[in-house]
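Here the structure is laid out as structure tokens; the discussion comes afterwards.
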Amino acid sequence: MCGIVGYLGHRNATPIIFNGLKRLEYRGYDSAGIAVLQNGHIEIRRQAGKLSALAELLEQQPMSGVIGIGHTRWATHGAPSARNAHPHIGQTGRVVVVHNGIVENFLELRQELTAEGVTFNSDTDTETIVHLVEHYLASGLGLVEAARRTFQLLQGANVVVLLSADEPDKIVAARLGNAGGVVIGYGDQETFVASDIPAILEHTRRVLFLESRQMAIVTRHRVQIETLDGRPIPPVVQVVPWDPVSAEKGEYRHFMQKEIHEQVRSLTDTLAGRVDFERGKIRLPELNLTPELARRIQKIYITACGTAAYAGMVGKYLIETIARIPVEVEIGSEFRYRDPIIDSNTVVLAISQSGETADTLAAMEEGRRKGATLWSIVNAIGSQAMRIADGYISMQTGPEIGVASTKAFTAPIVDQYMLAILLADLRGAIDETKRRALVADLRFIPDLAGRTLEREPEVIKLAHLLKDIRNCLYLGRGINMPIAYEGALKMKEITYIHAEGYPAGEMKHGPIALIDEEMPVICLAPNDPWHDKMISQIQQAKARGGKVIAVATDGDELVASIADHVLWVPETPWMLSPAITVLPLQLLAYHIAALRGLDVDQPRNLAKSVTVE
Ligand code: AGP
């Protein structure tokens, strides 16, 4: 969860930015840096490790100025280090940039810039941005136009904030897609830019939020908002409530809605520091996976509870398809008591957002007792499931407050996809071409999520139609079958409507008796290897008078011709499609619960972490 803070005013920017970054530290990071304009030139201090390391550096080498930008980083490209930390400065030393997100076309841009003689000093995609801005400045454009031309070239979901020593009266910011928010705060003769409200709440409560594909020209006295093609947008200033909890929700009514929309950034962050797109390699250092162990594994049990277990069901398809290792998915409360068959060539992989779920921890202990290697995929840093494992993958989504899990469902899907590639690579189960192709697909996921979430208005319309139903059925097949279960769980736990997830092929063996016009059927029918099977499922449900809502891939005329409603998703590589097809179902459950006036973030009878049996 990279953090960004910018300041422009009459006070020393360094402490204001540093303290703002500290407010974001619960998001975790592996490096941080600040740049300020001092006596007409840009000073930068960057450090790997926690903010305390940067504090020491600032102590030793203080700097001050009335304009600056700072950043805490989850490395997406390039290992966590000072050289890869933001801010990044260009060759002229006059322009500096901080960034959240993934520049999907950074390889092409880097090649073009290198061919023009640009020398790169880091492994990051961010550095292409600052060199592009300098390229346009050199052509005679001013900072705003040079930034605009650069933003128009960047593909993917990104947030960019930059400044120039040659135009020291402004900061330029842009939100391209949904790689997290950009909030601009109005002070007294000073202005703030941040990725999240807590970073600036002590200075101001008057804020505005950038929308996707918008840029801001920020000076001490004025904030201009424009679309990327230069059309002015009237700024809508809001006053943030004092209480930090509702301030933390930002522009959203509930944490759950915020966390659903945070999935572009959390999917970006869960890739953080793990994907080398240039070499097509995955690295999961905390897993402690050796080639010897990778080759020795004969069975993987994935154990978890609730939503996490459904993420594990997707993982089964990923690991078996890519790495050809047998996988069984077992819910924790069953696995712990069924005397499972385990030996030293078995891995028990636990998935847990909280890392404290009693049934999951007990299942891990059962695996340990029988000699298995223990891995975990966990969100809460320092939790038991992280500590007792022989190796782990941190989801890196930042805290999930809403009881109904959303971003901690999609992150482990991508984490298991990366795990499958690493296992397959170490076992020789895939060649380099296949490995590079699988890794390349990861680059598009955050933006595909952003494009799906932008379709929220369509989901809201459907929520109005469905808000009074009493039952519904979710059907899926293959890798999207777990999404039927997860979609039904979201509906159950926050709207209290009875919702059942089922393998679509099983309907004819009994449950089809349930279908009538009172029982809407939600069918997962994206472009995946089971698509055609789902078509007949939809037709069977329609033939019995059922109302069918399909989740389908853009342009699928066949589904559009037979379903009553379609929630469209963009074309997605089928193995990663569950991380996308679940999004409209998260939004549907959320909006129905909100329309029913229920306590979305803390549903009745539920707890965020079930630490008892
Ligand atoms: C998810 O929406 C539910 N709140 C619940 O099923 C949850 O996934 C389950 O309790 C497991 O929690 P964990 O991921 O923290 O282990």
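As the structure lists them, so they are numbered: ligands from 1, and atoms in each ligand from 1.
- Of all protein heavy atoms, the one lying nearest to atom 12 (O) of ligand 1 is T357 OG1, 3.5 Å.
- H498 and N471 form a side-chain donor-acceptor contact under 3.5 Å, judged by distance and modelled atom types alone.
- In terms of protein heavy-atom proximity, atom 2 (O) of ligand 1 is closest to E493 OE2, 2.5 Å.
- Using a cut-off of 4.0 Å between Lys/Arg side-chain N and Asp/Glu carboxylate O, R338 and E334 are scored as not salt-bridged.
- Among protein heavy atoms, the minimum distance from atom 11 (C) of ligand 1 is reached at C305 O, 3.4 Å.
- Nearest protein heavy-atom contact of atom 7 (C) of ligand 1 is T307 N, 4.2 Å.
- There is no side-chain donor-acceptor pair under 3.5 Å between E356 and S383.
- Near S405, meaning under 4.0 Å from any of its heavy atoms, are these atoms of ligand 1: 1 (C), 2 (O).
- Note: an N/O pair closer than 3.5 Å links S354 and ligand 1 by distance alone.
- The distance from ligand 1 to the heavy atoms of A404 drops below 4.0 Å at these ligand atoms: 2 (O).
- In this structure, V403 has a heavy atom closer than 4.0 Å to ligand 1.
- The A308 neighbourhood of ligand 1 comprises atoms 8 (O), 14 (O), with distances under 4.0 Å to a heavy atom of that residue.
- Y301 carries K299 over the face of its six-membered ring, with the cationic atom under 6.0 Å from the centre and within 45° of the normal.
- Although no hydrogens or angles enter the test, the distance criterion places a donor-acceptor pair under 3.5 Å between the side chain of E259 and the main chain of G402.
- Atom CD of E286 has more than 12 neighbouring heavy atoms from other residues, nucleotides or ligands inside a 6.0 Å radius.
- Checking Q353 against N379 by side-chain atom types alone, a donor-acceptor pair falls below 3.5 Å.
- Proximity to G306 (heavy-atom distance under 4.0 Å) selects the following atoms of ligand 1: 6 (O).
- Scanning the protein heavy atoms around atom 10 (O) of ligand 1, the nearest turns out to be V610 CG2, 4.1 Å.
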For this session: Tell me, with the steps shown, if Y485 and Y474 meet ring pair (Phe, Tyr, Trp, His ring centres under 6.0 Å).
Result: CA-CA 7 Å; Y485 288 100; Y474 289 72; over 10 Å; no
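- Ion pair D425/K281 flagged as a salt bridge, since at least one NZ, NE, NH1 or NH2 atom sits closer than 4.0 Å to an Asp/Glu carboxylate oxygen.
- Residue contact annotation: K490 has a non-hydrogen atom under 4.0 Å from ligand 1.
- Nearest to atom 14 (O) of ligand 1 among the protein's heavy atoms is Q353 N, 2.7 Å.
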